[in-house]
Number of protein chains: 2
Amino acid sequence: MNIAAMNPELMTQEEDIERASRSLKAMSHPLRLKILCILGDREVSVQEIVDNVGTSQSNISQHLAILRDKGILASRKDANRVYYRVGDARTLRLIGMMQEVFCRSS
Amino acid sequence: MNIAAMNPELMTQEEDIERASRSLKAMSHPLRLKILCILGDREVSVQEIVDNVGTSQSNISQHLAILRDKGILASRKDANRVYYRVGDARTLRLIGMMQEVFCRSS
DNA sequence: AACTTAATAAGTTATTAATTATATTACACA
DNA sequence: TGTGTAATATAATTAATAACTTATTAAGTT
């Protein structure tokens with residue numbers, strides 16, 4: 001039996017850490033971070049993301065899939081376009097905070 | 001000539017993104033995140049970190065080196081021991097914010 | 001049918017992580 | 001002083017993941 005199984009507090013902490021690191025890892029790739037910055041609190045089509053980020057459509061699609069699978073982004077299909085947005089308020093807040101910390105406030 | 005070279009704003013944004021993703025990537029490994037949580041705003045010896053995290057001394061040392069090399073942690077040697085701490089206020093703030101977002105406030 | 005938009009698959013290369021073994025540094029104390 | 005030991009770092013290897021490219025598929029439009 002491991003320690004966490006005996007102590008709900010520790011268990012929770014470990015789970016929080018696993019969850020956080022999964023999310024952070026998903027966000028910590030330059031292209032994916034750029035995607036998140038482009039999205040902000042808007043809903044944007046894959047097209048527009050491809051045009052703004054500057055890599056292949058296939059590559060963008062794969063990065064979007066990673067962000068979607070990890071619960072960072074949500075998507076909506078309309079006709080033959082797909083629109084992505086930041087999935088929840090918490091993540092949006094985290095992105096805002098990261099911008100505060102990392103972007104020079106010129 | 002690339003676009004960024006012509007437009008200082010874009011350049012800055014790209015640099016911010018690179019810098020942010022390097023830092024986030026360094027922080028987004030479960031063991032490294034755990035190390036950061038253990039540190040908080042304290043200064044802690046490698047010993048104590050090893051005891052609390054639960055992996056080999058060598059593995060901890062390598063993770064500490066990654067955090068140090070990326071500027072997340074600073075270290076101080078005292079006699080036989082090495083003490084680590086979070087390097088700057090910004091990073092400390094970021095860690096605090098991540099805890100707010102990811103840790104249930106039971 | 002041809003075209004647009006997006007996703008997926010397969011293959012290759014690059015990066016990261018963990019393990020094991022060894023080196024380095026500082027101390028303790030006979 | 002020399003030897004053992006504790007604390008930390010480094011090196012080398014292997015294993016696992018992640019990223020990018022190219023080609024193809026699928027679905028929706030015109």
Side-chain angles (χ1 to χ4, degrees), chain A residues 2 14 17-36 38-39 42-87, chain B residues 2 14 17-36 38-39 42-87:
Chain A
N2 70 31
E14 291 293 329
I17 286 174
E18 286 297 327
R19 202 158 37 89
S21 69
R22 262 193 304 277
S23 290
L24 290 177
K25 190 172 152 203
M27 293 192 276
S28 70
H29 182 286
L31 293 183
R32 294 198 290 267
L33 208 47
K34 194 167 178 184
I35 290 171
L36 294 175
I38 287 168
L39 288 183
R42 297 181 307 146
E43 189 182 63
V44 180
S45 72
V46 176
Q47 263 288 298
E48 197 174 337
I49 295 170
V50 170
D51 293 343
N52 280 279
V53 171
T55 180
S56 69
Q57 178 271 318
S58 171
N59 198 206
I60 287 291
S61 184
Q62 287 174 67
H63 284 300
L64 287 172
I66 289 166
L67 290 167
R68 182 168 23 78
D69 294 349
K70 301 291 191 269
I72 313 285
L73 297 185
S75 68
R76 177 178 68 87
K77 189 164 188 175
D78 181 17
N80 74 351
R81 311 204 156 189
V82 177
Y83 294 87
Y84 280 85
R85 65 185 179 281
V86 173
Chain B
N2 70 31
E14 290 294 329
I17 285 174
E18 285 298 327
R19 202 158 38 86
S21 70
R22 263 194 303 279
S23 289
L24 291 177
K25 190 172 152 201
M27 294 193 276
S28 71
H29 182 285
L31 292 183
R32 295 199 288 269
L33 207 48
K34 193 167 178 183
I35 289 172
L36 294 174
I38 286 167
L39 288 181
R42 297 181 308 147
E43 189 183 61
V44 180
S45 72
V46 176
Q47 264 285 299
E48 199 174 335
I49 296 170
V50 171
D51 292 343
N52 281 280
V53 172
T55 180
S56 69
Q57 178 271 318
S58 172
N59 197 207
I60 287 289
S61 184
Q62 289 174 71
H63 284 300
L64 287 172
I66 289 168
L67 289 167
R68 181 167 27 75
D69 294 350
K70 300 290 190 266
I72 313 286
L73 296 185
S75 67
R76 176 178 67 88
K77 189 164 189 174
D78 182 14
N80 218 1
R81 312 201 157 189
V82 178
Y83 295 87
Y84 280 85
R85 65 184 179 283
V86 173

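All values reported here derive from a predicted model rather than from experimental measurement. Residue numbers begin at 1 in each chain, while the letters A, B, ... track the order of the sequences.
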Quick one: which protein N/O atoms are closer than 3.5 Å to N/O atoms of nucleotides 17-21 of chain D? Pair and distance per line, please.
| from | atom 1 | to | atom 2 | distance (Å) |
| --- | --- | --- | --- | --- |
| D/dA18 | OP1 | A/Lys25 | NZ | 2.1 |
| D/dA19 | OP1 | A/Arg32 | NH2 | 3.4 |
| D/dA19 | OP2 | A/Arg32 | NH1 | 3.4 |
| D/dC20 | OP2 | A/Asn59 | ND2 | 3.3 |
| D/dC20 | OP2 | A/His63 | NE2 | 2.8 |
| D/dT21 | O4 | A/Gln62 | NE2 | 3.1 |

Rounded to whole angstroms, how far apart are [atom1] on [X] and [atom2] on [N]?
X       : N      : atom1 : atom2 : value
A/Gln47 : C/dT4  : CD    : C1'   : 8 Å
A/Arg76 : C/dT5  : CZ    : C1'   : 15 Å
B/Arg68 : D/dA9  : CZ    : P     : 6 Å
B/Leu64 : D/dT10 : CG    : C1'   : 14 Å
B/Asp51 : D/dA6  : CG    : P     : 14 Å
A/Glu48 : C/dT4  : CD    : P     : 19 Å
B/Ile49 : D/dA9  : CD1   : P     : 9 Å

Can you name the one residue among B/Glu48, B/Arg68, B/Arg42 that meets side chain to side chain donor-acceptor pair (under 3.5 Å) with B/Tyr84?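 That would be B/Arg68; it is the only one of B/Glu48, B/Arg68, B/Arg42 passing the side chain to side chain donor-acceptor pair (under 3.5 Å) with B/Tyr84.
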
Residues in side chain to side chain contact (heavy atoms under 4.5 Å, CB included) with A/Asp51, at least two apart?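 Per chain and number, A/Asp51 pairs via side chain to side chain contact (heavy atoms under 4.5 Å, CB included) with A/Gln47.
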
Search all heavy atoms of B/Ile72 against all heavy atoms of B/Ala26 and return the closest pair with its distance.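 For B/Ile72 versus B/Ala26, the nearest heavy atoms are CG1-CB, 4.3 Å.
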
Check the pair B/Leu39, B/Ile49 against side chain to side chain contact (heavy atoms under 4.5 Å, CB included), reporting the backbone distance first and the verdict last. CA-CA 8 Å; B/Leu39 288 181; B/Ile49 296 170; 4.1 Å; yes

Interatomic distance, A/Arg19 atom CZ to A/Lys70 atom NZ [nearest 0.5 angstrom]: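 Nearest 0.5 Å value for the CZ-NZ distance: 14.5 Å.
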
Roughly how far, to the nearest 0.5 Å, is CG of A/Leu36 from CG of A/Leu73?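 Output value for this atom pair is 6.0 Å.
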
Start with the C-alpha gap between B/Ile35 and B/Ile60, add the side-chain angles, then the distance that decides, and say whether side chain to side chain contact (heavy atoms under 4.5 Å, CB included) holds. CA-CA 9 Å; B/Ile35 289 172; B/Ile60 287 289; 4.2 Å; yes

Short side-chain N/O contact to C/dT5 OP1/OP2 from A/Tyr83, under 4.0 Å: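 Indeed not, no polar side-chain atom of A/Tyr83 lies that close.
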
Interface polar pairs with nucleotides 24-30 of chain D, N/O, under 3.5 angstrom:
none

